[in-house]
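Every value quoted in this text rests on a predicted model; they were computed, and no experiment measured them.
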Amino acid sequence: MDRVLASGMVAQGPEVAAFEQEFSAALAGGREVVAVNSGTSGQHLGMLALGLQPGDEVIVPSFTFAATANTVAVCGATPVFVDVDPETFTIDPAAIEAAITERTVGIQPVHLYGHPAPMDRILSIAQEHGLWVFEDAAQAHGATWQGAQVGTFGQGGMFSLYPTKNMTSGEGGMVSCASPELSRQVRLLRNQGMEKQYANEVAGFNNRMTDIHAAIGRVQLGRLPGWNATRQKNAAFFDANLQGVVTPVVRDEASHVYHQYTIRIEGASAEERDAFATALREEHRVGCGVYYPTPVHRLATFRSEADLPVTEVLAREVLSLPVHPSLSEGDRERIVAAVNDVAKAGA
Ligand SMILES: *Cc1c(COP(=O)(O)O)cnc(C)c1O
């Protein structure tokens with residue numbers, strides 16, 4: 001922070017450039033990345049840069065945070081909602097294929113909770129139909145699929161740096177770009193359409209990251225691998241000790257970074273799941289959360305008639321437990337005892 005203030009450059013400057021270089025180096029695959037002021041901005045600019053236009057359709061899961069679909073909608077395009085795999089909570093490739101129309105231009109898979117979507121199958125569908133893929137990796141910094149990091153599969157991808165994510169810059173986002181043309185376009189859109197000052201080439205935004213945020217992000221980036229390893233250790237403890245609830249599945253191809261550790265109260269109604277959460281919070285002082293109680297396609301924003309049975313079940317049954325790297329051994333034991341107790345009482 002002192003370094004940033006002493007430099008006299010508080011807006012996008014040398015810290016942002018260094019953060020982009022370091023983030024890119026950590027993202028094996030040699031991708032260029034562009035820093036922006038939020039994950040949502042990154043998704044928005046990334047898809048605009050890929051040419052998204054009014055009238056286009058983009059296939060997205062409904063079981064996600066609303067930004068995934070909002071960023072399609074604010075481009076004037078239509079998010080087409082499809083169902084997810086009940087075990088990994090990620091977009092179902094068969095459902096993608098069934099949703100393709102002559103208006104479809106792209107697919108936006110979400111690596112939800114830190115578990116990668118099945119990128120090999122998604123890429124082969126995209127190639128067959130001439131579609132782009134833009135990855136929503138907001139929750140999955142460092143996760144891998146078949147050994148390659150998420151955010152390196154699609155034409156583009158976005159990482160969020162919001163404070164609750166596996167790493168943060170205060171607020172911020174990174175766009176990973178497969179081509180120099182795409183990164184140039186995202187850079188233009190980020191800064192009023194200018195590469196050279198006052199020589200605006202396209203109509204753009206002010207979605208720049210500040211050097212203050214970048215300085216925070218650089219410190220956090222160095223700590224990410226250790227934090228992810230601790231999240232994985234916490235998850236392994238839960239996997240081994242929780243009883244009476246469905247624990248998260250990890251595919252053989254995947255390394256899961258547990259942005260959330262999400263259990264299912266199988267067969268529960270939304271009220272029963274909420275009562276489970278209330279018991280954990282009030283009787284056992286265990287914080288927990290529901291991500292997300294209303295599928296995006298049913299929000300007032302979209303009111304889609306899509307029939308997504310797996311999504312509906314998951315929205316009723318999921319509950320996320322604390323898995324963050326600062327849990328103590330005692331915390332983990334207390335969480336396990338609490339969940340097992342509430343599950344037993346409800347069985
Ligand atoms: C957090 C998040 C976003 C948006 O990122 P922000 O940095 O908050 O704008 C988008 N998609 C998913 C799945 C997220 O979890």
Side-chain angles (χ1 to χ4, degrees), residues 63 65 85-90 111-116 138-144 150 160 162-168 219-293 313-347:
F63 194 63
F65 181 54
D85 166 8
E87 292 186 339
T88 64
F89 313 110
T90 58
H111 306 301
L112 197 73
Y113 306 145
H115 189 295
Q139 305 185 352
H141 315 67
T144 64
V150 301
S160 167
Y162 184 72
T164 60
K165 306 296 159 95
N166 287 27
M167 64 169 284
T168 183
V219 175
Q220 291 257 321
L221 181 65
R223 303 189 64 182
L224 178 70
W227 283 334
N228 278 347
T230 305
R231 285 176 182 274
Q232 288 165 342
K233 262 189 229 147
N234 291 340
F237 183 81
F238 293 150
D239 288 344
N241 293 291
L242 290 177
Q243 283 160 13
V245 296
V246 182
T247 56
V249 172
V250 183
R251 293 274 177 253
D252 289 343
E253 298 95 325
S255 145
H256 192 330
V257 293
Y258 296 100
H259 171 62
Q260 300 292 348
Y261 184 91
T262 302
I263 60 172
R264 290 174 59 185
I265 319 300
E266 205 170 24
S269 64
E271 294 70 29
E272 288 163 341
R273 183 270 321 277
D274 292 345
F276 196 112
T278 303
L280 281 183
R281 287 187 200 115
E282 292 182 2
E283 291 163 34
H284 298 273
R285 302 273 159 234
V286 169
C288 54
V290 175
Y291 310 102
Y292 298 88
V313 169
L314 295 179
R316 291 198 291 269
E317 295 185 354
V318 292
L319 184 61
S320 298
L321 305 176
V323 69
H324 54 82
S326 44
L327 289 180
S328 67
E329 220 166 287
D331 292 332
R332 297 191 322 197
E333 280 163 14
R334 207 164 54 77
I335 292 163
V336 165
V339 171
N340 291 351
D341 190 61
V342 176
K344 206 164 161 193

Q: Mind checking the NE2-OH spacing from H259 to Y291? Nearest 0.5 Å is all I need.
A: 7.0 Å
Q: Report yes or no: does N228 contribute a side-chain atom to a donor-acceptor pair with the main-chain N or O of G142 at less than 3.5 Å?
A: no
(Q) Is any side-chain heavy atom of P116 closer than 4.5 Å to one of T90? (A) no
Q: Work out which heavy atom in V245 is nearest to a heavy atom in A343; give both atom names and the distance.
A: CG1-CB, 4.1 Å
(Q) Return the CG to CG distance between N340 and L242, rounded to the nearest 0.5 Å. (A) 5.5 Å
Q: For the pair E266 (side chain) and E317 (backbone), establish whether a donor and an acceptor sit closer than 3.5 Å, ignoring hydrogens and angles.
A: no
Q. For A315 and F63, which heavy atoms make the closest approach, and how far apart are they?
A. N-CE1, 3.9 Å
Q.
Which heavy atom of E272 sits nearest to which heavy atom of A268, and what is that distance?
A. OE1-CA, 3.3 Å
(Q) Which heavy atom of V286 sits nearest to which heavy atom of P322, and what is that distance? (A) CG1-CD, 4.1 Å
Q.
Within the structure provided, determine whether F237 and E329 are in side-chain contact (heavy-atom separation under 4.5 Å).
A. no
Q. Which distance, rounded to the nearest 0.5 Å, do you find between the CD of Q139 and the NE2 of H111?
A. 10.5 Å
Q: Give the intermediate values and the outcome of side chain to side chain contact (heavy atoms under 4.5 Å, CB included) for residues L112 and H115.
A: CA-CA 6 Å; L112 197 73; H115 189 295; over 6 Å; no
Q) Which residue pairs pass the side-chain hydrogen bond (donor to acceptor under 3.5 Å, both in side chains) test with at least one member in residues 229-244, sequence neighbours excluded? A) N234-R332, D239-Y261
(Q) Determine whether a donor-acceptor pair (N or O, by modelled atom type, separation under 3.5 Å) exists between the side chain of H141 and the backbone of S160. (A) yes
Q) Quick one: CD on E253 to OG1 on T144, what's the gap to the nearest 0.5 Å? A) 10.5 Å
Q: Please determine which of I263, V336, T247 meets the side chain to side chain contact (heavy atoms under 4.5 Å, CB included) test together with F238.
A: V336
(Q) Counting C-beta onward and ignoring hydrogens, is there a side-chain heavy-atom pair between F276 and C288 closer than 4.5 Å? (A) no
Q. Are E87 and R251 close enough, and set up right, to give a side chain to side chain contact (heavy atoms under 4.5 Å, CB included), and what steps lead you there?
A. CA-CA 9 Å; E87 292 186 339; R251 293 274 177 253; 3.0 Å; yes
Q.
M167 vs R223, test: side chain to side chain contact (heavy atoms under 4.5 Å, CB included). Steps then yes/no.
A. CA-CA 8 Å; M167 64 169 284; R223 303 189 64 182; over 6 Å; no
Q) Closest approach of R334 and H284, non-hydrogen atoms and distance? A) NH1-O, 3.1 Å
Q) From L314 CG over to R273 CZ, what is the distance, rounded to the nearest 0.5 angstrom? A) 10.5 Å
Q: Tell me, yes or no, whether the heavy-atom count around Y292 atom OH, taken from other residues, nucleotides or ligands under 6.0 Å, exceeds 12.
A: yes
**Q.** For the student: nearest non-hydrogen atoms of A138 and K165, plus distance
**A.** O-CD, 3.5 Å
Q | Step-by-step side chain to side chain contact (heavy atoms under 4.5 Å, CB included) determination, V249 to D85 | A | CA-CA 11 Å; V249 172; D85 166 8; over 6 Å; no
**Q.** Euclidean distance, T168 OG1 relative to L224 CG, rounded to 0.5 Å
**A.** 11.5 Å
